[in-house]
Each structure stands twice: as structure tokens, then as C-alpha cells.
Novice: 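Just dropping this structure here.
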Amino acid sequence: MLSQIKDLAANLAPRLIEIRRHLHSHPELSGQEYQTAAYVSGVVSSCGLYVQELVGKTGVVAELRGTGEDLRMLAIRTDMDALPIQERTGLEFASRQQGIMHACGHDVHTTVGLGTAMVLAQLGIRFPGTIRFLFQPAEETAQGAGWMIRDGVMEGVSSIFGVHTFPTIPGGSVGIRYGALTAAADDLELIITGESGHGARPHEAIDAIWIASQIITTLQQAISRTQNPLRPVVLTIGQIQGGRAPNVIADQVRMLGTVRSLHPETSANLPAWIEQIVANICQSYGAKYTLNYRRGVPSVQNDPALTQIVESAASEAWGGDRIQILLEPSLGAEDFSLYLQHAPGTMFRLGVAWSDKPNYPLHHPQFHVDETAIITGVVTMAYAAYKYWQQ
Ligand code: NI
């Protein structure tokens with residue numbers, strides 16, 4: 001079966017590169033993926049899949065229906081949106097949209113999703129259960145997975161696979177991570193309200209700037225003394241505003257920040273932990289506060305058994321030396337985690353680094369991928385899907 005999958009993928013390679021270059025030159029921003037969705041829908045329809053458009057606003061769902069003897073359903077998720085970045089790669093298929101670029105590899109992910117659908121449809125076997133392909137919009141704004149889930153895409157899904165390009169792994173290699181892959185990312189807004197007064201008479205005022213500084217310092221120290229060091233937390237106050245004049249004590253300070261964590265239990269406790277510190281300091285000095293803690297996406301936690309399926313599919317297909325077991329997670333965020341609240345899943349990293357050209361990070365205006373990775377991604381995903389039904 002592996003050699004059939006590899007042959008089909010190799011035959012499709014020119015078409016897949018054409019698809020990827022088309023997507024790359026026609027990027028669309030999060031939530032506006034209308035042309036991309038229509039294009040994706042056309043490709044999957046022509047493979048004979050059952051297709052639904054405008055799911056989760058601009059998403060596409062395509063199903064390769066099984067015989068029904070296995071009631072499980074496998075979802076394969078890829079994302080389709082681009083970023084507000086002006087491309088500077090100089091490629092002949094560079095973005096034709098001013099200020100919009102596929103700088104996170106979502107054009108590659110969409111192509112891997114399409115290629116996997118094509119290969120599995122052409123394989124000439126009916127799987128015992130259904131494979132549902134999710135082409136998701138708006139991953140960059142962490143909204144698309146939620147939109148798709150609200151429209152019911154996880155109903156009936158037993159397991160889900162995902163993929164993301166990775167520019168520090170060589171093209172043709174696959175990164176496998178057991179456990180936490182990405183961090184939970186939450187937003188924080190904190191407003192401290194004191195009382196204004198003369199800069200020379202602090203005892204008659206409540207200095208919101210000084211109290212804000214106490215809060216920032218205490219939070220950073222408290223992470224080191226009260227959080228489990230094996231369960232990392234990063235708290236960054238990235239924006240702060242307050243005060244009106246050098247000799248006037250500020251009555252209000254507003255701070256905005258991001259909070260990252262890896263362990264679900266730690267993530268769950270963070271809002272209360274932060275609020276307690278803020279409340280204690282404000283109470284000590286007579287200030288008031290408003291804390292708005294907005295939950296972003298949770299941490300992606302790769303399921304061990306499903307990760308094992310992807311790892312063994314990849315190592316059978318490519319040999320162990322092209323598999324990297326990733327020892328560290330990333331503190332970036334991925335809304336793939338929202339699907340994992342409905343079914344276990346795993347996301348693998350697809351190496352896209354060139355061996356003979358400079359490489360640039362994700363979200364860089366010169367980010368460009370080694371396209372041989374597309375076949376690596378398609379074969380790995382298709383063979384992992386095949387192996388899923390053997391379990
Ligand atoms: Ni991305």
C-alpha cells in the first residue's frame with residue numbers, strides 16, 4: 001500500500017506544485033478566503049468527494065465516504081489563510097495581492113490536504129469509515145477553528161490529524177512531537193485606578209503608575225516562586241499607558257499583555273492566580289482595578305497513540321533519519337487545539353528548509369519553502385490515514 005501511495009503522489013507532483021503556486025500567488029486574508037475556498041472546492045469535487053462550501057464562514061469540508069462498517073471518522077485539517085505581509089521573495093509565483101502573503105505555509109498545508117484527498121480517492125479502495133477533510137479559514141486570527149466547530153464539523157469525528165510547515169527542519173523530513181506541541185495563548189487587559197494629585201505630595205494621592213510597576217514586578221517574581229518551573233509560564237506586558245504630566249500623579253494605568261503556558265492545569269489556574277496578586281497589591285495601596293482576562297486558544301496536546309501512527313507512517317515511508325522527534329514544544333499558538341476539545345488528534349511538523357539556500361522564519365517577507373516537502377506531507381498524511389483504519 002505504501003508503494004502505491006508513493007507512486008500516486010509522485011505522479012501528482014507536477015499538479016500539486018501547480019496548485020501550491022496558484023494558492024501562493026493568490027493569497028487571501030483571514031475570513032476572506034472566498035477565491036481560495038472556491039478553488040479548493042473545485043479540486044476536491046473533481047476527485048469525486050462530497051463537498052460542502054461556506055462552512056465556518058469561508059471553510060470547505062470534503063468527505064471521502066467509507067463503507068460504514070467502521071463507525072469511526074477521521075478528520076484531516078489544513079488551513080487556508082494568508083498574512084498582511086508584503087512579499088519580498090522575488091519568486092515568479094510571488095503574491096499578486098499587494099500587502100498579502102502566504103508567509104506561514106498555509107498554501108503548502110492546503111496543497112497537502114488536497115494531495116492527500118486526491119491520493120486516497122485514487123487508491124481504489126473504500127475505507128471502512130469516512131475521512132473528512134477540513135479546509136479551515138482564519139487560523140492566523142485564531143477564529144477559524146471555532147467557526148468550523150460551531151458549524152458542526154466535529155460531529156461524529158473520532159480523531160483528527162493536522163500538519164504545519166517548519167523552517168528549521170530540512171525539506172523532506174518530518175518533525176514528530178509527543179505531548180504539548182504549542183502553548184495556550186491568552187490576552188490580558190489590566191486597568192489600575194488610583195487618585196490623581198500633586199507630584200510633590202504623594203501621600204495625598206494614589207499613584208497608579210507606581211502600583212502598576214509593583215504589579216508587573218511581583219507577577220514576574222511570582223512566576224519564579226509560585227509556578228512549577230517544569231510547567232512554564234510566560235507573561236509579557238507589551239503595552240502600557242498612563243499619566244499626563246511629569247508633576248502630576250497618574251490616576252490611571254492601562255496595561256495589555258499576553259500569557260503563554262503549556263500545561264492545561266496551569267492554564268486553567270492562571271486567571272485566578274493573576275487576579276489574586278493584582279487584588280492584593282491594589283488593596284494594600286487603596287487602588288481599584290479591572291482585569292479582563294480573555295482566553296485565547298489552548299495548548300495543542302498531541303495524542304500519544306495517534307502520534308505513534310503518524311511517526312510509524314513517516315518512518316516507514318522515509319526512513320528513520322528523516323524523522324525528528326522534537327524534544328521541545330513551541331510557545332506559539334495554533335487553533336488546531338480547539339478541535340482537540342472534541343476528539344483526540346495530532347499535528348506533525350513538515351520540514352521545508354532548503355539545504356542550499358538561506359532560510360527565513362515563518363511570517364517573514366522572504367519565507368519560502370522547499371517544495372519537495374509537499375510530497376513528503378502528502379505521503380505521510382495519506383499513509384497515516386491508511387494506517388489509522390488498520391488499528
Ligand atoms: Ni501557521
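Both counts, for ligands and for their atoms, begin at 1 and track the order of listing. Bear in mind the structure is a predicted one, so any value in this text is a computation, not a measurement.
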Novice: Is Arg201 salt-bridged to Glu204, cutoff N-O under 4.0 Å?
Specialist: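 Judged by the 4.0 Å cut-off on N to carboxylate O distance, Arg201 and Glu204 do form a salt bridge.
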Novice: Looking only at atom types and distance, does a side-chain atom of Asp81 sit under 3.5 Å from a main-chain N or O of Glu140, one as donor and one as acceptor?
Specialist: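 Confirmed, Asp81 side chain pairs with Glu140 backbone.
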Novice: Between the main-chain N or O of His22 and the side-chain N or O of His26, is there a donor-acceptor pair closer than 3.5 Å?
Specialist: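 A pair under 3.5 Å: yes.
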Novice: Assess whether atom CD of Glu155 is packed by more than 12 heavy atoms of other residues, nucleotides or ligands within 6.0 Å.
Specialist: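 No - once you tally the heavy atoms of other residues, nucleotides and ligands closer than 6.0 Å, there are 12 at most.
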Novice: Which of these, Arg349, Arg177, Arg260, sits in a side-chain contact (heavy atoms from CB on, under 4.5 Å) with Ser330?
Specialist: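 One option only clears the test, and that one is Arg349.
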Novice: Between Arg231 and Glu265, is there a side-chain N and carboxylate O pair less than 4.0 Å apart?
Specialist: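 Between Glu265 and Arg231 there is a salt bridge, with a charged N closer than 4.0 Å to a carboxylate O.
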Novice: With 2.8 Å as the threshold, which protein atoms of type N, O or S lie near the Ni ion (ligand 1)? Leave waters out.
Specialist: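 Listed by chain and number: Cys104 SG, His106 NE2, His164 NE2.
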